Amino acid sequence: MTLDVRRFAFQQGPGKRYLGQQRLVDDAATTTSLLPPPAARTDTGWLLPTGTHDRLAGTAYPDPCPPVTDPGQRLGHLLLTAFGLQRREPSNQYNDHRTVPSGRARFPVHAFVSRHGRLRYLDVYRHALVDTAAAGPTDGPATVLLAARYTDLPDPYGRLRCAIGEVELGVYLRALAVAADLFGVAATLRLDGASVTGAAAAVAATGPGVWSPPLVVELDGVESPDPGTPLPSAGGAAGPGDRLLSPTGGSLDEAVAVAAHRSALPPTPPAPARGLPVEPPAADLSWADLFWRRSAGRVPAGTYGFALTPAPVGEDALRAMLAWLAVPPPGGPLREVAARVRVTVALQRVGDRPTGAYRVVSGRPEPHRLDPHLLRRMQPGFGRPPSADTDSGFRHASLVWIFSTDVDALLDDLGPAAWSLLQLWCGWATHGLCLAAAAHGLVARPARSFDEHHVQPLAGLDRREVPVFMTVCGTSRFTEPMLDLRS
């Protein structure tokens, strides 16, 4: 089993260039992105509350939000804070934007809420928790099930559908933990195989779809009101896109098999999920401002990529990102994986630090490979190169965070589920960087598309140490008015 995962990781990582598996994604390709499960198109459920934006706008970062006495309203505000709509950008090819980042606005992760045996689907466009006929856990606190649907990513993504889905699961987990902290709710993650398998059965009962194993997060002190009330119609339970929900074969079957190892994790104690740093560095803005500012970068209409401008960044932004990065993930298995990941940050125009690669050791950046042209030299190894229709501000970035590990040793020591857990941790850590960057006026672009062999020596990594994820942070060069979608 470990050999299969090792081969899979190589084929969609360092080996993709040699094996001819790096393909451009056709944005016109039909996917199931934004399509609710068939069972989640009913006409009953629970409308989410309004006023979440006002609560966040009235709360200075990093203070907690004022208490919400009604347990149902508390759940609604928490879910909208974690996953809600934020804005539409007129020039962006990929809309709408939410609190969480997602590549090309595909949002392959879906959220369900289970309480008293009733399973509901979070539909941010209907602004509701929609009733389904599927059953969830019958006892215990309200539980959020997070699952990635691989078909929401176009077929040319190939094996990357697994990595992207798992990373975005980690992003959603961090977003949920942050929102729970803000509203004074205790969140607990269950990673054991029995909990994951039960949650997978509940998600599968909502209709056809190729899903990842879910994450199971219990929320203490919130309620999903019962019974449901009438909702505006969703237009029926079937649609033309439903035929795309359950393709099989090739890399999709591999993705399912690799991620399935998380369903076999041994019993572990439920783990508290705290998303905020113990003492988040202050910044002069509200939580609503922070979530509004969170961006992966922008470009003019008709252009791909992200545009950055060379600009100095204060040491306070670096300290804030380090503080958010240092928040440990919930659960022993995730922490074991996190302990084996090396964090390298390439700095340019940050305080008075020389340009170059720094190793993060015990929460502090230590000079490792100083080079005044490092970011310019790394540029050719990052995603799509600059061209007539693509801008890439990588060379102008202020901070580039690189996560790396010895994948072979990781799998040998921790077993085949470690690769999937590694992706979850990358998402957990990356979303922390995204929020910290937003607090200091920077964009943060999570990235899985880069040439590992190009980045590895420039970052001063050992031969067996593979870069597995990066986040590019800097000052946006392109701005324009945006349409506010908050409620």
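Fair warning: this is a prediction, and the values are worked out from it, not measured in the lab.
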### Query
side-chain contact (heavy atoms from CB on, under 4.5 Å) between Leu442 and Leu399: does it pass, once the steps are laid out?
CA-CA 10 Å; Leu442 304 175; Leu399 310 95; 4.1 Å; yes
#### Entry: Whether Glu480 side chain and Ser91 backbone form a donor-acceptor pair below 3.5 Å
yes
### Task
Identify the two heavy atoms, one from Thr99 and one from His431, that lie closest to each other, and give their separation to 0.1 Å.
O-CE1, 3.7 Å
### Task
For the pair Phe112 and Trp211, name the ring-plane relationship: parallel under 30°, tilted 30 to 60°, perpendicular over 60°.
perpendicular
### Summary
Here the gap from Leu169 atom CG to Ile164 atom CD1, rounded to the nearest 0.5 Å, amounts to 12.5 Å
### Query
Can you name the nearest heavy-atom pair linking Phe83 to Arg98, along with the distance?
O-CD, 3.6 Å
### Query
Would you say the side chain of Asp96 lies within less than 4.5 Å of the side chain of Leu483, judging by non-hydrogen atoms?
no
### For Trp419, all residues meeting ring pair (Phe, Tyr, Trp, His ring centres under 6.0 Å), sequence neighbours excluded
Phe8
### Query
Is a side-chain N or O of Thr81 found less than 3.5 angstrom from the main chain of Ala179, in a donor-acceptor match?
no
#### Entry: Asp181 side chain to Val178 backbone, donor-acceptor under 3.5 Å
no
### Task
Run the numbers on Leu265 and Leu421 for side-chain contact (heavy atoms from CB on, under 4.5 Å), then give the verdict.
CA-CA 11 Å; Leu265 287 172; Leu421 293 171; 4.3 Å; yes
### Message
side-chain contact (heavy atoms from CB on, under 4.5 Å), that's the test. Do Met470 and Val455 meet it? Break it down for me.
### Response
CA-CA 10 Å; Met470 69 168 58; Val455 171; 4.0 Å; yes
#### Entry: From CE (Met378) to CD (Gln348), nearest 0.5 Å
11.0 Å
### Message
For a 4.5 angstrom cut-off between non-hydrogen side-chain atoms, does Leu318 reach Pro365?
### Response
yes
### Task
For the residue pair Arg340 and Leu414, establish whether any side-chain heavy-atom pair is separated by less than 4.5 Å.
yes
### Message
Tell me if a side-chain donor or acceptor on Asn95 pairs with a main-chain N or O of Arg88 at a distance below 3.5 Å.
### Response
no
### Task
Hey, can you tell me if Tyr94 and Tyr304 have their rings parallel, tilted or perpendicular (30° and 60° cut-offs)?
tilted
### Task
Could you walk me through whether His110 and Asp152 pass the side chain to side chain donor-acceptor pair (under 3.5 Å) test, one step at a time?
CA-CA 10 Å; His110 300 252; Asp152 292 346; 2.7 Å; yes
### Message
In terms of relative ring orientation, are Phe403 and Phe469 parallel, tilted or perpendicular, with 30° and 60° separating the classes?
### Response
parallel
### Message
Quick one, Pro329 and Leu424 - any side-chain contact, counting heavy atoms below 4.5 Å?
### Response
no
### Message
Using a 3.5 Å distance criterion without hydrogens, assess whether the side chain of Arg115 forms a donor-acceptor pair with backbone atoms of Glu223.
### Response
no
#### Entry: Shortest non-hydrogen contact from Phe382 toward Ser392
CD2-OG, 3.8 Å
## Note on the structure
When rounded to the nearest 0.5 Å, the distance separating CD of Glu168 from OG of Ser212 is 11.0 Å
#### Entry: Close side-chain approach of Thr309 to His396, heavy-atom, < 4.5 Å
no
### Query
Would you call Arg104 and Tyr157 a side-chain contact if the rule is heavy atoms closer than 4.5 Å?
yes
### Query
Is there a donor-acceptor pair under 3.5 Å between the side chain of Arg149 and the backbone N or O of Thr32?
yes
### Task
Could you tell me whether Arg120 and Asp131 have a side-chain N and a carboxylate O separated by less than 4.0 Å?
yes
## Note on the structure
Output for pair (Phe183 CZ, Leu78 CG), nearest 0.5 Å, gives 6.5 Å
### Query
Do the side chains of Arg477 and Asp391 get nearer than 4.5 Å, heavy atoms only?
yes
#### Entry: Residues His77 and Thr52: side-chain donor-acceptor under 3.5 angstrom
yes
### Query
Sub-3.5 Å donor-acceptor pair from the side chain of Ser420 to the main-chain atoms of Ala417, do we have one?
no
### Task
For Pro64 and Thr59, work out which heavy atoms get closest and say how close.
O-CG2, 3.3 Å
### Message
Using a 3.5 Å distance criterion without hydrogens, assess whether the side chain of Arg262 forms a donor-acceptor pair with backbone atoms of Pro213.
### Response
yes
### Message
Rounded to the nearest 0.5 Å, what separates atom CZ in Arg445 from atom OG1 in Thr471?
### Response
11.5 Å
### Query
Taking all non-hydrogen atoms of both residues, which atom of Leu245 and which atom of Thr151 are closest, and how far apart?
O-CG2, 3.7 Å
### Arg486 atom CZ, over 12 foreign heavy atoms within 6.0 Å
yes
### Task
Decide yes or no for Trp401 and Met321: does some side-chain heavy atom of the first lie under 4.5 Å from some side-chain heavy atom of the second?
yes
### Message
Would you compute the distance between atom NE2 of His116 and atom CG of Asp226 and round it to the nearest 0.5 angstrom?
### Response
6.5 Å
### Query
When you measure from the side chain of Arg342 to the backbone N and O of Ser404, does any donor-acceptor pair fall under 3.5 Å?
no
## Note on the structure
In Leu75, Val68, Leu219, Leu176, the residue satisfying side chain to side chain contact (heavy atoms under 4.5 Å, CB included) with Val185 is Leu219
### Query
Without hydrogens or angle criteria, can the side chains of Asp484 and His53 be said to hold a donor-acceptor pair below 3.5 Å?
no
### Task
Ignoring hydrogens and angles, tell me if any N or O in the side chain of Arg349 forms a donor-acceptor pair with the backbone of Val313 under 3.5 Å.
no
### Task
Could you pull out the closest heavy-atom pair between Ala259 and Glu166, with the gap in Å?
CB-OE2, 4.2 Å
### Task
Could you walk me through whether Leu334 and Leu189 pass side-chain contact (heavy atoms from CB on, under 4.5 Å), step by step?
CA-CA 11 Å; Leu334 275 172; Leu189 174 67; 4.0 Å; yes
